[in-house]
**Q** 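Quick one: this structure, given as structure tokens, is what I'll be asking you about.
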Amino acid sequence: IAGVGPRGGGPLKRYSVVLNDLSLNGSLMVSKAIIPQRSKVELVFTIDDKEVILDGQVVRCRLLSENVYGYGIRFIDMNDMDVNHICQYLFRKQKEALEI
């Protein structure tokens, strides 16, 4: 789920999204929603049964297929606990990929 707020503040509008290519700096967010570049987003997702809520900003956008857009998201002001949780997840996924 991604929440996107209007510039200058206001209530977030919620969109269903898929996060791909997760890293400690950001992610590729895929959605049918049209979201302007530089928009602030709040991403809510689960890793290992733990809800993670991160603030980000759309840094690039491209049309992936008809009515499906890919958004480059840069994470903003991550706390150490979220960084560690994502880092552990990424290391585990990397290890699993190497074992195949």
**Q** Please check this pair: side chain of Q37 against backbone of V58, looking for a donor-acceptor N/O pair closer than 3.5 Å.
**A** no
**Q** Is the number of heavy atoms from other residues, nucleotides or ligands within 6.0 Å of CG (N20) greater than 12?
**A** yes
**Q** Counting neighbours of NZ on K50 that are heavy atoms of other residues, nucleotides or ligands and sit closer than 6.0 Å, is the number greater than 12?
**A** yes
**Q** Within a strict 4.5 Å, meaning less than it, do heavy atoms of the I76 and K40 side chains meet?
**A** yes
**Q** With a 3.5 Å distance limit and no angle check, can you tell me whether T46 reaches the backbone of E51 through a side-chain donor-acceptor pair?
**A** no
**Q** Return a table of donor-acceptor pairs under 3.5 angstrom between the side chains of residues 59-73 and protein atoms on other chains or two or more places apart.
**A**
residue: Y71; atom: OH; partner: A33; partner atom: O; Å: 2.5
residue: Y71; atom: OH; partner: I35; partner atom: N; Å: 2.9

**Q** Which pair of non-hydrogen atoms, one from M78 and one from L54, has the smallest distance, and what is that distance?
**A** CG-CD2, 4.0 Å
**Q** Which heavy atom of S31 sits nearest a heavy atom of S16, and at what distance?
**A** OG-O, 3.4 Å
**Q** State whether the number of non-hydrogen atoms from other residues, nucleotides or ligands found under 6.0 Å of I34 atom CD1 is greater than 12.
**A** no
**Q** For the residue pair D82 and I53, what are the closest heavy atoms and their distance?
**A** OD2-O, 3.8 Å
**Q** Are L43 and Y89 connected in the hydrophobic side-chain network, where two residues link if heavy atoms are under 4.5 Å apart?
**A** yes
**Q** Measure from the side-chain N and O atoms of N79 to the backbone N and O of M81, and report whether any donor-acceptor pair falls under 3.5 Å.
**A** yes
**Q** Would you say the side-chain atoms of S23 pair up with the backbone N or O of N25, donor to acceptor, closer than 3.5 Å?
**A** yes
